[in-house]
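Values in this document were obtained by computation on a predicted structure and should not be read as measured data. Chain identifiers are assigned alphabetically (A, B, ...) following the order of the sequence lines, protein sequences preceding nucleic acid strands; residue numbering begins at 1 within each chain.
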2 protein chains.
Amino acid sequence: MRPHELPEIRHLPLFRDMLQANFEALMHGAYAQAFPAGLELMRQGDPADFLHVVMEGAVELYAHWGGRECTMAVVRPVGTFILAACIKDAPYLMSARTLERSRIILLPSSDLRAVFRRDTEFAVSVIHELAGCYRSVVRHAKGLKLRTSRERIASYLLRQSALAGNLASYGLPVEKRLLASYLGMTPENLSRTLKTLEADGVKLDGTRVIITDRAKLSALAQPDRLIDGPDSETPSAGASLPRVQGGD
Amino acid sequence: MRPHELPEIRHLPLFRDMLQANFEALMHGAYAQAFPAGLELMRQGDPADFLHVVMEGAVELYAHWGGRECTMAVVRPVGTFILAACIKDAPYLMSARTLERSRIILLPSSDLRAVFRRDTEFAVSVIHELAGCYRSVVRHAKGLKLRTSRERIASYLLRQSALAGNLASYGLPVEKRLLASYLGMTPENLSRTLKTLEADGVKLDGTRVIITDRAKLSALAQPDRLIDGPDSETPSAGASLPRVQGGD
DNA sequence: GCAGGGACTTGATCTGGATCAACTCTCGCC
DNA sequence: GGCGAGAGTTGATCCAGATCAAGTCCCTGC
């Protein structure tokens, strides 16, 4: 593991409050690994042997069933994923693959389970992390059930703008095909709907989003704190929305 | 609170392992209340002041947005709900209403937060509960994104049969309109699809489900441990599927 | 017992979004 | 520098599921 990485992990909400001795014990069994883009890190159904911490790159969490596949989340540095499965010592519910060349720290889940049993501060951090993840998926499910495709796209674009600091223009953080899958629609549908959204105050130029009329877009998206956040409870983990890459 | 209720709560996985003194402290601030059917217990966005424990009756958790509404879960005795919001001291993401006359214990969430900070066993229980809830919603989201209406119905019916002990015949635990909403479709669509499912090995007689050809139904539903369970990690809480009422 | 209302069903129609197919553009790679 | 391969777009068509509208049945409350 690289020297700068340890403090970065230590500063994550999940590891911030635990005893130094326990942190060190946890990191003792950890190891870092580099992966090329497009590599499958785990397959749904596998036993949860390691908590994963993304230090560089990006990881897609996705699910499959009966030949179909869908994106559930994208995790970027510094973020953890698959905490719940590690804790329950249960099979992963999702598969994971790298979207880019990535550096990932692997923490044996047995160590994890041992440590929060003797470090209450860490246990409390885990509680907060999991509660955040839970609420994040609930938001996602609400969006899927209550909103149409069009509304999901509009609110996604607004949400990303908010994450970028309410910029009117920013870059999409993920490929459109992945975004479509995350939002529960086909790439064709996303592409077409984006075109028609020009009448509602937002335009796309390649990967660049330009909000031309925020009021109009908001009227369509009806952003809702209980679906779109802002989560004061932002999870660093598994259930996070694809995050913005930075805008200008 | 009634004499038999305290031990019932104590035996819940969530409260089973904590110190007796802490359990008593927690219960000190608790109070029971009876509600008629159809009463709104909380509204999404409200501050999370109480953890709710259903002792009798049934509670529907649902979400709404822009005039639409959908069922997210049904909680039956003995089960808790809205743990995550209590822990984060954040607004509820869902509303709740009684489906029948219900008896509910209310636990001040501030007490809850205080207790798991000083009782590691309780903290561990909370961790397991939340991890279970998280995984449960992930399963639900996977079903919504990966399966068609028809497949969701078929797998729901199989899952309920499994919960009833693999009985070929059992009663639906909830109204069909609620089930439709839970499964993300309209009542009309549910009704029609149920009819066409007779060709796939399952028949409905009113509220009675009769599986006539389990193999055929399974071929359609393709039940998957990573979507349908069985959850060894069964949550007692918020995210549970409408449970079966008992079969014969 | 009777009236009223809600759950459920059934039918007719509409439409959002999927599917299938073709074509362009870009970018990494030989 | 040319050549795939994959991302994205666009068009044509199809279909699952929503919507609108009746009508039946059952249960409840007067």
Side-chain angles (χ1 to χ4, degrees), chain A residues 36-39 58 60 66-71 74 97-101 143-154 156 171-200 203-209 220 242, chain B residues 36-38 58 60 66-71 74 97-101 143-154 156 171-200 203-209 220 242 245:
Chain A
L39 194 101
E60 174 192 6
R68 287 162 235 168
E69 181 178 310
C70 73
T71 303
V74 171
R97 69 166 79 93
T98 52
L99 291 173
E100 330 163 355
R101 180 176 163 69
L144 287 171
K145 291 179 94 166
L146 292 169
R147 283 175 169 155
T148 65
S149 262
R150 190 179 174 74
E151 290 160 347
R152 288 201 295 281
I153 297 171
Y156 174 83
L172 279 181
V174 291
E175 285 181 349
K176 286 184 189 161
R177 61 198 323 282
L178 190 149
L179 179 57
S181 176
Y182 174 71
L183 294 175
M185 67 191 75
T186 58
E188 294 96 324
N189 188 19
L190 174 63
S191 178
R192 270 188 261 271
T193 306
L194 280 175
K195 177 137 296 186
T196 71
L197 279 178
E198 288 190 13
D200 284 281
K203 210 173 55 176
L204 261 93
D205 178 22
T207 181
R208 187 117 223 111
V209 180
L220 169 63
Chain B
E60 175 191 5
R68 287 163 233 166
E69 182 178 309
C70 73
T71 302
V74 170
R97 68 166 80 95
T98 51
L99 290 173
E100 330 164 353
R101 181 176 161 70
L144 288 171
K145 289 179 95 166
L146 291 169
R147 284 174 168 156
T148 65
S149 263
R150 191 181 175 73
E151 290 159 347
R152 288 201 296 281
I153 296 172
Y156 174 84
L172 279 183
V174 291
E175 285 182 350
K176 286 183 190 160
R177 61 197 323 280
L178 189 149
L179 179 57
S181 176
Y182 174 71
L183 294 176
M185 66 191 76
T186 58
E188 293 96 323
N189 188 21
L190 174 63
S191 179
R192 270 187 261 270
T193 306
L194 280 175
K195 177 137 294 186
T196 71
L197 278 177
E198 289 189 13
D200 284 279
K203 208 174 58 175
L204 261 93
D205 177 22
T207 180
R208 188 115 223 114
V209 180
L220 169 63
Q245 215 157 34

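- The terminal axes of the helix from C/dG1-D/dC30 to C/dC30-D/dG1, fitted over 5 pairs per end, subtend an angle of 40° to the nearest 10°.
- Atoms CG and CZ, from A/Leu39 and A/Arg101 in turn, are 11.5 Å apart once rounded to the nearest 0.5 Å.
- To the nearest 0.5 Å, atom OG1 of residue B/Thr207 and atom CG of residue B/Leu172 are 4.5 Å apart.
- The separation between B/Leu99 atom CG and C/dG6 atom P is 16 Å, rounded to whole Å.
- For the pair B/Arg208 CZ and C/dC8 P, the interatomic distance rounds to 16 Å; values are reported in whole Å.
- Here the CG-CG distance, from A/Leu194 to A/Leu179, works out to 7.5 Å after rounding to the nearest 0.5 Å.
- Tested against A/Ser149, the residues A/Thr186, A/Thr193, A/Asn189 include a single side-chain hydrogen bond (donor to acceptor under 3.5 Å, both in side chains) partner, A/Asn189.
- The CG atom of A/Leu220 sits 14 Å away from the C1' atom of C/dG16 (whole-angstrom rounding).
- Here B/Glu175 pairs with nothing under the salt bridge (Lys or Arg N to Asp or Glu O under 4.0 Å) rule; sequence neighbours left out.
- A distance of 7.5 Å separates CD1 of A/Ile153 from OG1 of A/Thr196, quoted to the nearest 0.5 Å.
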Quiz prompt | Heavy-atom protein contacts under 4.0 Å, nucleotides 25-30 of chain D, coded B base, S sugar-phosphate only, - none | solution = ------
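- Rounding to whole angstrom units, CG of residue A/Leu183 and P of C/dA18 are separated by 11 Å.
- A/Thr71 places no side-chain N or O within donor-acceptor distance of the main-chain N or O of A/Ser181, the cut-off being under 3.5 Å.
- Sorted by first and then second residue, the pairs that involve residues 182-200 of chain B and meet salt bridge (charged side-chain N to carboxylate O under 4.0 Å, His left out), not counting sequence neighbours, are B/Arg150-B/Asp200.
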Quiz item: If the sugar-phosphate is the primed atoms plus P, OP1 and OP2 and the base is the rest, what is the B/S/- string for nucleotides 7-23 of chain D, using protein heavy atoms under 4.0 Å?
Solution: SSSBBB----SSBB---
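- Residues meeting the salt bridge (Lys or Arg N to Asp or Glu O under 4.0 Å) test with B/Arg68, sequence neighbours left out: A/Glu151.
- Put simply, the side chain of B/Lys145 gets close to the backbone of A/Tyr182: a donor and an acceptor are under 3.5 Å apart.
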